[in-house]
Participant: 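Mind looking over this structure? Questions follow.
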Amino acid sequence: MSEEHPAAGERATTADADADAWATACAEDLAAERTRRRERHGPPPGSAAEELRRLVDSVADKLSGLQSPLLGAVAGPAAQQIVQQVVQQAKAAVEPVIERNPDVFDHLASAGQELLAAYRSAVQAQEKRWTARAADVERDPGKGENGGPPGERIDLD
């Protein structure tokens with residue numbers, strides 16, 4: 001019996017080594033695939049919270065660099081200072097919300113994608129009905145929409 005235990009131990013060591021080799025190979029393949037995708041498509045988009053932060057920063061930069069020709073040279077510096085102050089206040093208000101609730105923005109982004117998919121589905125279904133009606137009328141112009149006699153168009157103008 002003492003001879004069986006080392007054999008079982010050796011099998012376990014071999015199985016562990018095989019599992020580690022498999023995990024290592026998978027990790028290497030995954031890293032290589034990620035590198036290929038980054039080279040082809042650029043860096044992956046960040047989380048929704050990071051994207052919102054970048055959006056706020058870019059809008060703030062654009063607003064801060066905006067010159068107002070409507071206000072003229074006299075009011076220009078004062079207006080510029082007010083714009084910068086408003087931008088800083090907006091960033092100060094948004095930044096803590098983003099830091100405290102980054103998952104909320106991911107959920108909102110996925111909910112928006114689901115709403116868009118539902119809207120797209122509804123529009124495509126309606127378009128199919130419209131094109132089906134138009135095709136029916138083209139095939140048999142003697143029938144109206146409900147299969148009855150064609151209606152007469154009356155111009156009310």
Side-chain angles (χ1 to χ4, degrees), residues 1-73 75-139 145-146:
M1 284 198 175
S2 62
E3 293 176 13
E4 291 179 23
H5 292 291
E10 288 175 15
R11 276 186 253 142
T13 304
T14 305
D16 290 343
D18 289 344
D20 289 342
W22 180 257
T24 303
C26 287
E28 290 171 355
D29 288 346
L30 182 61
E33 181 62 26
R34 285 182 179 159
T35 302
R36 278 192 294 269
R37 287 183 185 217
R38 263 189 236 109
E39 288 172 359
R40 259 189 231 142
H41 305 291
S47 69
E50 292 171 7
E51 294 296 319
L52 179 61
R53 186 176 288 124
R54 286 182 30 204
L55 175 66
V56 168
D57 288 342
S58 65
V59 169
D61 291 343
K62 289 290 184 184
L63 288 176
S64 296
L66 214 108
Q67 298 295 325
S68 178
L70 299 175
L71 298 175
Q80 188 72 20
Q81 185 177 7
I82 291 171
V83 167
Q84 287 178 350
Q85 185 179 10
V86 168
V87 165
Q88 291 302 322
Q89 288 175 349
K91 284 176 76 172
V94 169
E95 197 65 33
V97 173
I98 293 172
E99 288 177 12
R100 280 182 289 180
N101 306 308
D103 293 340
V104 169
F105 295 101
D106 290 333
H107 291 298
L108 288 173
S110 64
Q113 290 172 352
E114 290 173 12
L115 284 171
L116 179 62
Y119 176 75
R120 185 176 294 134
S121 175
V123 167
Q124 287 174 345
Q126 184 62 37
E127 286 177 345
K128 286 180 184 177
R129 283 186 289 235
W130 287 338
T131 55
R133 277 190 217 141
D136 289 344
V137 170
E138 286 176 7
R139 271 188 257 133
E145 288 183 19
N146 298 328

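Side chains are part of it too, since the values below use all heavy atoms of this structure and drop only hydrogens, waters and symmetry mates.
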Participant: What pairs with Gln88 under side-chain hydrogen bond (donor to acceptor under 3.5 Å, both in side chains), at least two apart in sequence or on another chain?
Facilitator: none
Participant: Can you list the residues that meet the side-chain contact (heavy atoms from CB on, under 4.5 Å) rule with Val86, with sequence neighbours excluded?
Facilitator: Ile82
Participant: Can you list every pair that meets side chain to side chain donor-acceptor pair (under 3.5 Å) and has a residue in residues 104-127, with sequence neighbours left out?
Facilitator: Gln126-Arg129
Participant: Side chains of residues 25-38: which donor-acceptor pairs under 3.5 Å do they make with residues two or more places apart or in other chains?
Facilitator:
residue : atom : partner : partner atom : Å
Glu33   : OE1  : Arg36   : NE           : 3.3
Glu33   : OE1  : Arg36   : NH2          : 2.8
Glu33   : OE2  : Arg37   : NE           : 3.0
Thr35   : OG1  : Ala31   : O            : 2.9

Participant: Which atoms form the tightest heavy-atom contact between Val97 and Ala93, and what is the distance?
Facilitator: CG2-O, 3.6 Å
Participant: Considering all heavy atoms of both residues, which atom of Phe105 and which atom of Leu52 are nearest to each other, and what is their separation?
Facilitator: CE2-CD2, 3.4 Å
Participant: Test of understanding: with side-chain hydrogen bond (donor to acceptor under 3.5 Å, both in side chains), list the residues that count as partners of Arg54, not counting sequence neighbours.
Facilitator: Glu51
Participant: By salt bridge (charged side-chain N to carboxylate O under 4.0 Å, His left out), which residues pair with Asp57, not counting sequence neighbours?
Facilitator: Lys91
